[in-house]
Each structure stands twice: as C-alpha cells, then as structure tokens.
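Okay, structure first, notes after.
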Amino acid sequence: MAGSGPVSSPDPIAQLLVSFREESARGVSSRAEFEALKGRYLGREKGLVPALFLGVRELPPEERAGYGARANAAKREIEEGIARLGETLARAESERRERTAAVDVTLPGRRTRAGSLHPVTLVRRRIEEIFLRMGYSIADGPEIESDFHNFEALNFPPEHPARDAQDTLFLDRKAESPLLLRTHTSPVQIREMRKRGAPLKIIAPGRVYRNESVDATHQPVFHQVEALVVDKEISMADLKGTVEAFFGALFGAGTRVRIIPTFFPFVEPGADVQMGCLFCNGAGCRTCKGSGWMEIAGAGEVHPAVLRACGIDPEEWSGFAFGLGLDRVAMMLYEFPDLRLLFEGDERFLSQLAPLS
Ligand code: PHE
C-alpha cells in the first residue's frame, strides 16, 4: 500500500465519509435529530470533522498536504450534506404548518346569533309608517326640557299639581325656567309651533320620564307618540276621523274607537280616546275592568292659549293633538302582561317578538 499509514488502521477520512453518507441517506425526521447530527459531525469542541484535523501534525511532513486536502474535501462534502438535510427539514416543517393552519372548508359553519329590534322600536317604526302615509312629518325634541315647554306654554297654571315632585323629575328647580326630564311628548308641540308656525302636521315619538314606582303597568321611563295638526278650521271631527284611521291601521280594520270628554290643560275640549278591548272584544274582562273599553290616548283641540303662546293666531288657526303610550301599544299588540319585560333586556323575551307585518 502506498502512502498513508499502516494497513491495519483504516483511513479515518474514508470511514467518516462512509458513516456520514449512510446517516444522511436515512435523513432526519425532526429538528432535534438534525441538530444532534450536525453537532456530532461539525461541533467545534467534539465534532468528528474537526477531529480529523487534529492528527495532521503527527503525520510525516510529506503526507500532511495530501491528508489535509482529503480532509478538507470530506469536510466540504459533510457541510454541504448537512445543509441539504437542513433545507429538506425546513421544507417539511413549513408544509406541516400549512397543513395544520389551513381552513377546512368542509367543516360546518358556526352560527352567529343576530340581534333583534326592541319591541318598542318595532312599534314606533310601524306608527311612524302609518303617519308618514297620512302626510305627517316626524319631529324630535330634547328629553331634558324646561318648565316653559313642558308645562307653562302648555297652559298648566303655575301651581299645577303635575309639577309636584311626585310626578316630575326635576334637574334644576332654581333655574329661571326650571329644568326637568320631560313628562310627556307634548312639549314638542310647543317647539314645533314656535319654530315652524302654522299650518303643521307632525308626530313626535320619544322617551318620557315620571317619578313613578315600578309595577306591571308603570315605569319611570316610558315612550309616547304625540300627533299635532294645525290648520284652518280643524275640528273634533278631524280628530275623530284621524284616530279612527290611525288605530284601524295599527290594530286592524274594524277596531272600534270612541271619544270621551276629559280634561288636559292644553286642549279644549279635551278627550280620552278609548278603543274596544282587544282581549274580550267588548264583552268586559279584567284588562278593561269589565267596561269593554280601554283608554289608549289623550286628545283634544289645541287650546287657544297654547296657540297664542306659540305666536299662532287662534282666530285664524285651530288644531288637534293626541298622545299615546308606545309601551302599552306594544303590550297590546304582542299580548304580554307585564311592562317590566320591555325594560329588563332579557334577550329570551325580546327575541321572541318578530317584526309586526
Ligand atoms: N300629554 C298627555 C299625557 O301625557 C297626552 C295628551 C297629548 C293629551 C295630547 C292631549 C293631547 O298624558
């Protein structure tokens, strides 16, 4: 044998290459396995490849160059082999990531629960539609009102008991016109008449407040709709025809309506609008207290003093107004017995109530 070392000791470079080729042909199945292999061959301290170079000094000088060149070639082959193994591993890893992160379009979808409109909103919208068809426009007013708009301009005398803290929630009693939470939507009558004059045909839906204790039919916050028409020669006959048309559209044709005299400071004559009881059809039941009729709205001809307070001449113009509670209408249309259900926000109750057609 020419050249390198005794015949009995096998060539360490060739041996190392044989075992590396075997191992790299098997491949690696994990990053940990790859790092272990790489460390075993190329590790700076104990790596098999650096170890090849340690013995070079002990060789006879004439063999050193040949050995060194072969060791360098082996080192290059092993480094390249390990780099290829690393690339293969990285590709496999990223394929696995893509597979596990991919959207499986065959899975059944997750249902998102849609919200529903509040019954009071449904009723308000339905009422707005009816009035819009009749040529009314929709007006809005502030929930924080002045005593002037809520009471004084509506012809409540200065010491009227409705101002009493029993009913009215005052915010600032000492102001020149005390500030309060409006107790009805009638102050929007005043604001619209003062702003736009006559003729006028509006409704004003909104939230109102009273200092009530809560029970099945009372809430400190509830909702009303006000209707106001001001024009030439408007009479109680127009009022009656309008409430009949309106309640017929809301509760169904054939709904009976009657008008009973009563008193509100801002109308003259004043009236209660009553409707044939929906629950017993007029026969008399607990809900209508045996009378066959239910009070559904306050109404009347606009008081001349109210027109005057708004700069409208009562000799030239007249009008009617009526106001009703939205929450009570919701109770009647959806036939539930307790007003509190509307304000508790229990989704199990609210989502049962489908839009009214
Ligand atoms: N504002 C009155 C109330 O809240 C209802 C009403 C409105 C009466 C319009 C007459 C005319 O009770």
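Note that ligands are numbered from 1 as they come in the structure, with each ligand's atoms numbered from 1 the same way. Heavy-atom basis, side chains included; hydrogens, waters and symmetry copies ignored.
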Side-chain donor-acceptor contacts of residues 271-281 below 3.5 Å, not counting sequence neighbours, with atom names and distances?
unit_1	atom_1	unit_2	atom_2	d
Gln274	OE1	Arg258	NE	2.9
Gln274	OE1	Arg258	NH2	3.0

Using a cut-off of under 3.5 Å, which N/O atoms of ligand 1 pair up with protein N/O atoms, and what distance separates each pair?
unit_1	atom_1	unit_2	atom_2	d
ligand 1	1 (N)	His184	ND1	2.9
ligand 1	1 (N)	Ser186	OG	2.9
ligand 1	4 (O)	Arg210	NH2	3.1
ligand 1	4 (O)	Gln224	NE2	3.0

Worksheet item: Is the His184 ring parallel, tilted or perpendicular to the Phe266 ring (thresholds 30°, 60°)?
Response: perpendicular

Worksheet item: Parallel, tilted or perpendicular for His160 and Phe156, by the 30°/60° rule?
Response: perpendicular

Response to the item:
Sorted by chain and number, sequence neighbours left out, side chain to side chain contact (heavy atoms under 4.5 Å, CB included) with Glu58 holds for none

Worksheet item: Which pairs with one or both residues in residues 79-94 pass side chain to side chain donor-acceptor pair (under 3.5 Å), sequence neighbours excluded?
Response: Arg31-Glu93

Worksheet entry | Check: Leu200 and Gln189 side chains under 4.5 Å, non-hydrogen atoms | no

